[in-house]
Amino acid sequence: MDLSGLIVQLLNGLAEASSLFLVAAGLSLIFGVTRIVNFAHGSLYMLGLYVAYTLVQSIGQTPLGFWAGLIAAALLIGALGAAIEIILLRRIYRAPELFQLLATFALVLIFNDAALWLWGPEDLLGPLAPGLNGSFQILGRYFPWYDLVLIFIGPVVLGLLWLLLTRTRWGTLVRAATQDREMLGALGVNQAWLFTGVFALGAFLAGLGGAVQIPRVPANLTLDISVIGDAFVIVVVGGMGSIPGAYIAALIIAELKALCIALGTVSFAGVSFAFPKLTLVVEFIFMAIVLVFRPWGLFGRPQGHSRNSAPIEAPLRRSTTPFKVFIAAVIAVLIAIPLLSEWFPYAPVLMLDIIIAALFALSLHFMMGPGGMNSFGHAAYYGLGAYGAALLLKEAAFSMGWAIATAPLIAGVGALVFGWFCIRLSGVYLAMLTLAFAQIVWSIVFQWDDFTGGSNGLIGIWPPAWLEGDTYYYFALAIVLAAALLLRRILFSPFGYAMRSCRDSTLRADAVGIDVKRVQWITFVIAGVFAGLAGALFVFSKGSAAPEVISISKSVDALVMVLLGGVQTLIGPVVGAATFKVLQDYFLGATQYWHAMFGGVILLLVLAFPQGIAGFFKQLFENGDARRLKVKEKAA
């Protein structure tokens with residue numbers, strides 16, 4: 001290994017660490033105080049880069065103009081963050097924490113199309129920094145002056161944040177809110193403006209992190225999703241709410257990536273290993289290791305329990321006769337869909353997508369709702385099922401039936417292994433560990449060209465001729481209905497009651513003799529098996545398997561479907577899946593800016609139905625029944 005090359009790569013890692021720290025520090029502040037998993041933080045980074053590009057092109061012909069443009073861009077993004085908090089987030093602070101994620105996901109869609117409309121689809125590379133457009137030599141290799149400046153920006157911002165948080169009254173309030181925001185409110189502190197200030201500061205840091213990248217990284221529409229994964233990892237590894245932890249974590253992760261690049265391809269005992277391929281996943285491997293041995297991150301502490309979260313969930317009740325009649329009518333409509341293909345030829349295709357998505361959402365709901373375990377990486381088991389079925393068909397010469405029957409077991413094995421680690425955590429740490437394992441699976445699938453097809457995926461995964469077309473629709477419908485019924489039966493079995501007792505009170509469940517970890521582990525595996533079944537049905541409906549089925553966006557889709565329908569109802573995931581797929585399909589064909597329209601509708605649904613669509617109607621009917629009962633009592 002070349003020493004000069006290693007030194008340059010490590011210096012590149014230091015520069016990258018500063019950029020990652022700026023984004024992660026803002027995210028850590030926002031989550032530490034508001035408890036909001038701000039999925040739109042990556043969008044603020046992306047917009048910071050775009051706005052900086054515009055301002056620097058206009059006024060950045062001198063060193064003063066260049067840096068003034070960067071600061072102005074960050075200030076504008078900070079103002080945007082304050083507006084988001086005041087207009088939107090204040091309305092949903094008392095909603096379940098993961099439901100707030102749905103609102104910020106809608107903002108991602110809106111901001112992405114706003115950038116497309118304002119700046120177009122092409123990548124935009126900003127000008128070099130005036131006075132810093134050269135480089136200097138290190139052991140015969142060249143290193144940019146601008147990157148050297150970036151290396152010092154991170155520690156400077158860290159020092160300023162430390163002074164702000166430890167030497168000012170506002171900083172003291174922020175630290176107190178990170179530990180116990182409800183107690184802070186009880187002491188008479190105006191939490192509303194404190195939250196606004198924190199969100200504005202976090203947005204400013206994200207905008208600054210994007211702005212300083214304009215000479216190094218082209219502004220493009222994929223930055224929002226790509227950077228949010230890195231930011232989440234850094235925040236979790238460093239410890240929620242810990243700014244020094246965020247810097248140390250950014251430093252470690254950036255240097256690990258730089259080291260992988262510097263090592264290149266290494267041969268050992270006749271086996272070659274390409275370390276640069278690890279750059280796609282090394283941060284997630286490191287996060288998984290940290291969370292297994294230190295569940296609250298390197299510098300974090302256990303989060304205090306929230307005292308004003310969502311209402312306690314009501315017990316599950318068996319279906320009433322009118323509801324059973326309604327479900328029977330829905331099934332009858334589903335059976336009749338292919339018969340209407342002459343008038344609505346696209347209806348069976350859309351409905352097949354919906355019923356498979358419904359099973360995927362039901363599997364996630366099983367562990368999120370009754371199980372009480374949140375997941376950001378449920379697509380891992382969906383993808384294991386999809387690729388398992390495809391590879392069994394192509395490589396092992398299984399029939400379609402045996403492939404579909406075996407693929408969920410492959411997903412279940414993955415859930416068995418990953419779940420053993422995940423159930424030892426809770427809250428956002430558990431969710432982030434599931435994301436880490438999902439990204440590890442995605443990286444293997446994406447880069448194993450000889451076995452999985454790599455980025456091209458696998459094609460030609462079709463059902464046999466006798467099961468094509470409408471026959472496959474009925475085949476998938478029968479399997480999904482049977483799976484949904486089985487999941488429901490499990491929830492009303494003694495195991496289902498044990499699941500909900502573990503969710504509602506771990507200590508009480510343990511006191512009455514329930515093995516909480518074993519129950520959660522089994523729940524994790526069951527959810528993985530049914531997600532794998534959905535993936536197997538999906539791959540035969542589309543004829544191919546691609547790495548996208550294991551991507552972060554696929555896991556987010558499942559979360560959105562569950563939250564749209566409502567976590568506290570068993571029918572919610574089905575309603576959410578149908579709503580999500582219909583809206584996505586409609587807006588996709590309606591306009592180029594379908595993401596923004598889709599996000600706008602999701603945002604309206606979040607504000608109108610904070611308990612989910614199915615949850616809203618359930619509450620409406622229950623309130624109606626209560627009013628009728630009161631009228632009868634008065635009449636008597």
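These numbers were taken from a predicted model, which means no experiment stands behind them.
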- Does Ser43 reach the main-chain N or O of Asp224 with its side chain, forming a donor-acceptor pair under 3.5 Å? no
- Message: Assess the residue pair Phe598 and His595 against the criterion (side-chain contact (heavy atoms from CB on, under 4.5 Å)); give the C-alpha distance rounded to whole Å, side-chain angles, the decisive distance to 0.1 Å, and a yes or no.
- Response: CA-CA 5 Å; Phe598 187 33; His595 285 107; 5.7 Å; no
- Message: To check you understand the geometry: which heavy-atom pair defines the closest contact between Asp123 and Pro218, and what is its length?
- Response: CB-CB, 3.9 Å
- Query: Is it true that the NZ or CZ of Arg90 lies under 6.0 Å from the centre of Trp193's six-membered ring and within 45 degrees of the ring axis?
  - Reply: yes
- How close do Leu201 and Leu161 get, heavy atom to heavy atom, and via which atoms? CD2-CD2, 4.2 Å
- Flag, side chain of Asn38 to backbone of Thr104, donor-acceptor distance under 3.5 Å: no
- Query: Counting only heavy atoms not in Ile59, do more than 12 fall under 6.0 Å of its CD1?
  - Reply: yes
- Going by the ring-ring contact (aromatic ring centres under 6.0 Å, His included) test, which pairs reach into residues 235-258, not counting sequence neighbours? Phe21-Tyr247
- Message: Just so I know, are the side chains of Phe66 and Ile214 near enough to count as touching, which here means a heavy-atom distance under 4.5 Å?
- Response: yes
- Are there more than 12 heavy atoms of other residues, nucleotides or ligands under 6.0 Å from atom CD of Glu122? no
- How about His41 and Phe232: are their ring centres within less than 6.0 Å of each other? no
- Apply side-chain contact (heavy atoms from CB on, under 4.5 Å) to Ile261 and Asn12, showing your working. CA-CA 11 Å; Ile261 295 173; Asn12 282 330; over 6 Å; no
- So, does Asn374 use its side chain to make a donor-acceptor pair with the main chain of Ala431 at under 3.5 Å? no
- Message: Counting only heavy atoms from other residues, nucleotides and ligands, does the tally under 6.0 Å from CD1 of Ile459 exceed 12?
- Response: no
- Note on the structure: Separation between CG (Leu70) and CG (Leu49), nearest 0.5 Å, reads 9.5 Å
- Where is the tightest heavy-atom contact between Asp449 and Phe446, given as atom of each residue plus distance? OD1-O, 4.1 Å
- Query: Going through the distances and angles, do Leu391 and Ile410 end up as a side-chain contact (heavy atoms from CB on, under 4.5 Å)?
  - Reply: CA-CA 11 Å; Leu391 290 168; Ile410 296 173; over 6 Å; no
- Note on the structure: So CG of Leu259 and CD1 of Ile252: to nearest 0.5 Å the spacing works out to 13.0 Å
- Side-chain contact test, heavy atoms from C-beta onward, threshold under 4.5 Å: evaluate it for Met373 versus Thr434 and give yes or no. no
- Message: In the structure I gave you, are the side-chain heavy atoms of Ser555 and Leu435 within less than 4.5 Å of one another anywhere?
- Response: no
- Task: Output every pair passing salt bridge (Lys or Arg N to Asp or Glu O under 4.0 Å) with a member in residues 242-262, not counting sequence neighbours, ordered by first then second residue.
- Result: Asp230-Lys257, Lys257-Glu283
- Heavy-atom pair of closest approach, residues Tyr146 and Val212: OH-O, 2.5 Å
- Going from CG on Leu158 to CG on Leu163, what distance comes out if it is rounded to the nearest 0.5 angstrom? 9.5 Å
- Just wondering, do Leu11 and Asp147 contact through their side chains at under 4.5 Å, heavy atoms? no
- Assess whether atom CH2 of Trp170 is packed by more than 12 heavy atoms of other residues, nucleotides or ligands within 6.0 Å. yes
- Task: For residues Tyr381 and Gly377, report the shortest heavy-atom separation together with the two atoms involved.
- Result: CE1-O, 4.1 Å
- Message: Less than 6.0 angstrom separating the ring centers of Phe360 and Phe538, yes or no?
- Response: no
- Message: Between Ser226 and Thr222 (side chain of the first, backbone of the second, donor and acceptor by atom type, cut-off under 3.5 Å), is there such a pair?
- Response: yes
- Query: Are Leu148 and Phe136 side-chain neighbours, meaning at least one heavy-atom pair lies under 4.5 Å?
  - Reply: yes
- Of all residues at least two apart in sequence or in a different chain, which pass the side-chain contact (heavy atoms from CB on, under 4.5 Å) check with Leu124? Tyr50, Tyr53, Trp119, Ala219
- Query: Is there a donor-acceptor contact under 3.5 Å from the side chain of Ser18 to the main chain of Ile153?
  - Reply: no
- Would you say Phe39 and Ile225 make side-chain contact, with heavy atoms under 4.5 Å? yes
- Kindly compute the distance separating CD1 (Ile77) from CG (Leu208), expressed to the nearest 0.5 Å. 11.0 Å
- Atom CG in Leu173, atom CG in Leu165: separation rounded to 0.5 Å? 11.0 Å
- Message: Donor-acceptor check, side chain of Gln213 to backbone of Ser19, threshold 3.5 angstrom: yes or no?
- Response: no
- Message: side-chain contact (heavy atoms from CB on, under 4.5 Å), that's the test. Do Phe105 and Leu563 meet it? Break it down for me.
- Response: CA-CA 11 Å; Phe105 170 74; Leu563 297 173; over 6 Å; no
- Task: May I ask you to test the Leu102-Leu559 pair for a side-chain heavy-atom distance under 4.5 Å?
- Result: no
- Query: If we only count heavy atoms from C-beta on, is the Val233 to Phe286 side-chain gap below 4.5 Å?
  - Reply: no
- What is the distance from atom CD1 of Ile243 to atom CG of Leu205, rounded to the nearest 0.5 Å? 7.5 Å
- Query: What are the two closest heavy atoms between Ser553 and Ser551, and how far apart are they?
  - Reply: OG-OG, 2.9 Å
